[in-house]
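Comments concern the structure below.
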Protein chains: 2
Amino acid sequence: MKPVTLKQIAEQLNISVTTVSKALKDYPDISKKTKAMVKELAKTLNYKPNAFAVNLRTKESKTVGLIIPEIVHHFFSNVIKGIIAQAEKKGYLVIILQSNESYELEKKQIDLLLRQRVDGILISLANGSAEFHHLNEVMAQDKPLVMFDKIAKIVQCSKVIIDDRKAGYAATQHLIDTGCKRIAHFRGALLPQNSIDRFLGYKKALLDNNMPYDPSIVYICQCGDRSFEEGRENAKQLLMDHDDVDGIFINTDLVAIGAITEFNEQGVKIPEDISIVGFSNWFMSSVISPSLTTIDQPGYEMGKTAFKQLYKEIQQKKKNKAITHKQIVLDTALVKRASTK
Amino acid sequence: MKPVTLKQIAEQLNISVTTVSKALKDYPDISKKTKAMVKELAKTLNYKPNAFAVNLRTKESKTVGLIIPEIVHHFFSNVIKGIIAQAEKKGYLVIILQSNESYELEKKQIDLLLRQRVDGILISLANGSAEFHHLNEVMAQDKPLVMFDKIAKIVQCSKVIIDDRKAGYAATQHLIDTGCKRIAHFRGALLPQNSIDRFLGYKKALLDNNMPYDPSIVYICQCGDRSFEEGRENAKQLLMDHDDVDGIFINTDLVAIGAITEFNEQGVKIPEDISIVGFSNWFMSSVISPSLTTIDQPGYEMGKTAFKQLYKEIQQKKKNKAITHKQIVLDTALVKRASTK
DNA sequence: GATATCAACGAAAACGTTTTCGAATTTCAT
DNA sequence: ATGAAATTCGAAAACGTTTTCGTTGATATC
């Protein structure tokens, strides 16, 4: 019933706990005979080292924490998948927490993970996070921390991101290239860096093409649970207030799909009357009608890369080397579909 | 730099480690004065109990394991969300592993979790799992185990499921009620209980309505990565082989969406020429054109319930009570949309 | 035959808690 | 003053590993 311990194995074989432990770990100062004996009994008794004791002794748990704003989300679930896959390769387990876009929760969860003494932390910030003391606490305990996607520039740690500004520029430029003359933007919430950068990319593309920037056709979405509804509402509002708009760059696919739904219902033709570019390349975007032109954001890759960097830092720390921070920028790609000409 | 310990607090206050520990946990045999003193210093030193030591001592980690076939999946990610939310309420953390529908991986992961000595395990089986020795090992160590969604009837543990047979019946009956005369079925893989049950529900509905059961219009999908493509391929095949079919009950929404896409492209009118009912109610199904009639499967609820049951069993075990297994069946609902008349 | 080398093993400390049990001190009634 | 009872604290064991540093014989070297 009770899990078998080194002690039990030692007693059965009339040797010491030390020898058993060393034998199982192939220490060179144990004879082949003893090793074979120990390993055989360990197998028949189905011995599994007590992780609690190992953790206490070695001060590491081979476990990392992951905090993410939302799990039911095409992009983030791909990130999770990438992280877990890479972690498994390195023998690490992943504890996942969902911040629900709440700064308060995020703070609590960081504390939880520190108490749990995970070997490192991966985080994509909640939209509401404007203060970063909780993250600095992680750094203060010199526990490796890697931020991805939604980052805070000010925090001194490694980051894995895309070039949102460039991508926003490309999306807008595509609308311009396909003949749009008046381009609106449905941007994300005010705080997160990536929605800021996408907006800046949009603005820059306009200016570079000698098109006026008009803040009255920039709409804000919180991009939380209500993304789809926000898309519909903004589309409706846009039709009422600015029916001369012939193109929209939208901060995220789900909002774009809400907008498309609204336009479809109101008989607004896409892309003839209005062109739309989304962001993220959710699977859904390829099957909706019309299919959505969007920016492909490599979620799986991002997760994989983020864990790799975290792992590297964990190793550095184990060797008492200084941790070197890195900022990694992944490529995005414009995926042209039917919602633009 | 190094995390502060009870010992350090004790030394600073010139009291014993015992007293510090008791003070922090509000033991009745410590004076108010001492408690206040200890708690204050603990706070200023930012003391966090070493989870490794606590785990070793208490033999529990307040952590559970979750094995799931696929993370990038609308239904499963909702389940995960439900589990994590409920776990957090009870102060538990969740380690997530993805089996990738592979029996071999699933086995390894169970072993990993047992080595980690999680307090309990939640699992939805891989399609390939036909043998359950790995699960019985969990039971043998009398570690609480709860299966959900894709279960094995033969394993003696608690289960949280929907009545797939009833739901399959309802889906088929709806097609019949809306005038379909020849109804095909795109079923799931052969092994998992839920695809069997959905198929049996389909069959029973036909028989109850005096309609012939024709195995040649039952197509099989593996429902893995290629679900969407499988839907398209099966739809294409169906058009070639059985153009008299006027309704299909499809094992899962993603396959159904593949089929819809194919029908749309070939100019087959839905629901006029052919009606379609899916399964799961992915968000996508409400925005595709035509929107998909489907069975709503309560993922979040299922996750929540599964964790609740696991938690109950963990408590029972802590009190050395016998663990009582339970089978919980959640309700589904037919969501009528535009893909049926 | 004395010394050095080597192979094989074990004793013991340490990791940081929790909890039992007893000791010391104080309070209170008599 | 005496004893009983309550209050407050601490010593020590335990959880199961890992690892350092010895110790013991055996073998090799001169």
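Quick note on labels: first sequence line is chain A, next is B, and so on, each numbered from 1.
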**OP:** Verify whether one side chain among Ser99(B) and Ser102(B) offers a donor that lies under 3.5 Å from an acceptor in the other.
**Re:**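 Looking only at side-chain atoms, Ser102(B) and Ser99(B) do not form any donor-acceptor pair under 3.5 Å.
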
For [X] and [N], what is the distance between atoms [atom1] and [atom2] respectively, to the nearest whole Å?
X        : N       : atom1 : atom2 : result
Lys62(B) : dT17(C) : NZ    : C1'   : 16 Å
Lys48(B) : dT17(C) : NZ    : C1'   : 17 Å
Leu6(B)  : dC15(C) : CG    : C1'   : 13 Å
Lys59(B) : dT17(D) : NZ    : C1'   : 12 Å
Asn55(A) : dT17(C) : CG    : P     : 14 Å
Asp26(A) : dT19(D) : CG    : P     : 14 Å
Lys7(B)  : dA12(D) : NZ    : P     : 14 Å
Lys25(A) : dT19(D) : NZ    : C1'   : 9 Å

Report all side-chain donor-acceptor pairs from residues 6-14 of chain A shorter than 3.5 Å, counting only partners two or more places apart or in another chain.
none

Subject >> Where protein sits on nucleotides 4-9 of chain C, one letter per nucleotide: B base, S sugar-phosphate only, - none, heavy atoms under 4.0 Å >> reply: ----BB

Original post:
Would Asp26(B) and Lys39(B) count as a salt bridge (charged side-chain N to carboxylate O under 4.0 Å, His left out) if you check the C-alpha gap in whole Å, the side-chain angles of each, and the deciding distance to 0.1 Å?
Top reply: CA-CA 10 Å; Asp26(B) 268 327; Lys39(B) 283 178 182 174; 3.0 Å; yes

Original post:
Of Thr18(B) and Leu56(A), whose closest DNA chain D nucleotide lies nearer the 5' terminus?
Top reply: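 Residue closer to the 5' terminus by nearest nucleotide: Thr18(B).
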
**OP:** For Ser21(B), report the nucleic acid contact type (base, sugar-phosphate, nothing); a contact means any heavy atom under 4.0 Å.
**Re:**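 Contact class for Ser21(B): base.
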
Original post:
Base, sugar-phosphate alone, or nothing: which one does Phe52(B) contact when heavy atoms must sit under 4.0 Å apart?
Top reply: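 Answer is nothing: Phe52(B) stays at 4.0 Å or more from every strand.
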
Subject >> Of all pairs that satisfy ring-ring contact (aromatic ring centres under 6.0 Å, His included), the ones with a partner from residues 23-55 of chain A, not counting sequence neighbours >> reply: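 Of all non-adjacent pairs touching residues 23-55 of chain A, none passes ring-ring contact (aromatic ring centres under 6.0 Å, His included).
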
**OP:** Look at the rings of His73(B) and Phe76(B) and say which category their plane angle falls in: under 30° parallel, 30 to 60° tilted, over 60° perpendicular.
**Re:**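 If you compare the ring of His73(B) with that of Phe76(B), the planes turn out tilted.
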
Subject >> Criterion salt bridge (charged side-chain N to carboxylate O under 4.0 Å, His left out) on Lys107(A) and Asp111(A), from CA distance to verdict >> reply: CA-CA 6 Å; Lys107(A) 241 170 50 175; Asp111(A) 186 60; over 6 Å; no

**OP:** Give a yes/no answer on whether the side chain of Tyr47(B) brings an N or O atom under 4.0 Å of OP1 or OP2 in dG16(C).
**Re:**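 For dG16(C), neither OP1 nor OP2 has a side-chain N or O of Tyr47(B) closer than 4.0 Å.
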
Subject >> side chain to side chain donor-acceptor pair (under 3.5 Å) partner of Ser158(B), the single match among Lys326(B), Lys312(B), Glu313(B) >> reply: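 Testing each of Lys326(B), Lys312(B), Glu313(B) against Ser158(B), the sole residue satisfying side chain to side chain donor-acceptor pair (under 3.5 Å) is Glu313(B).
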
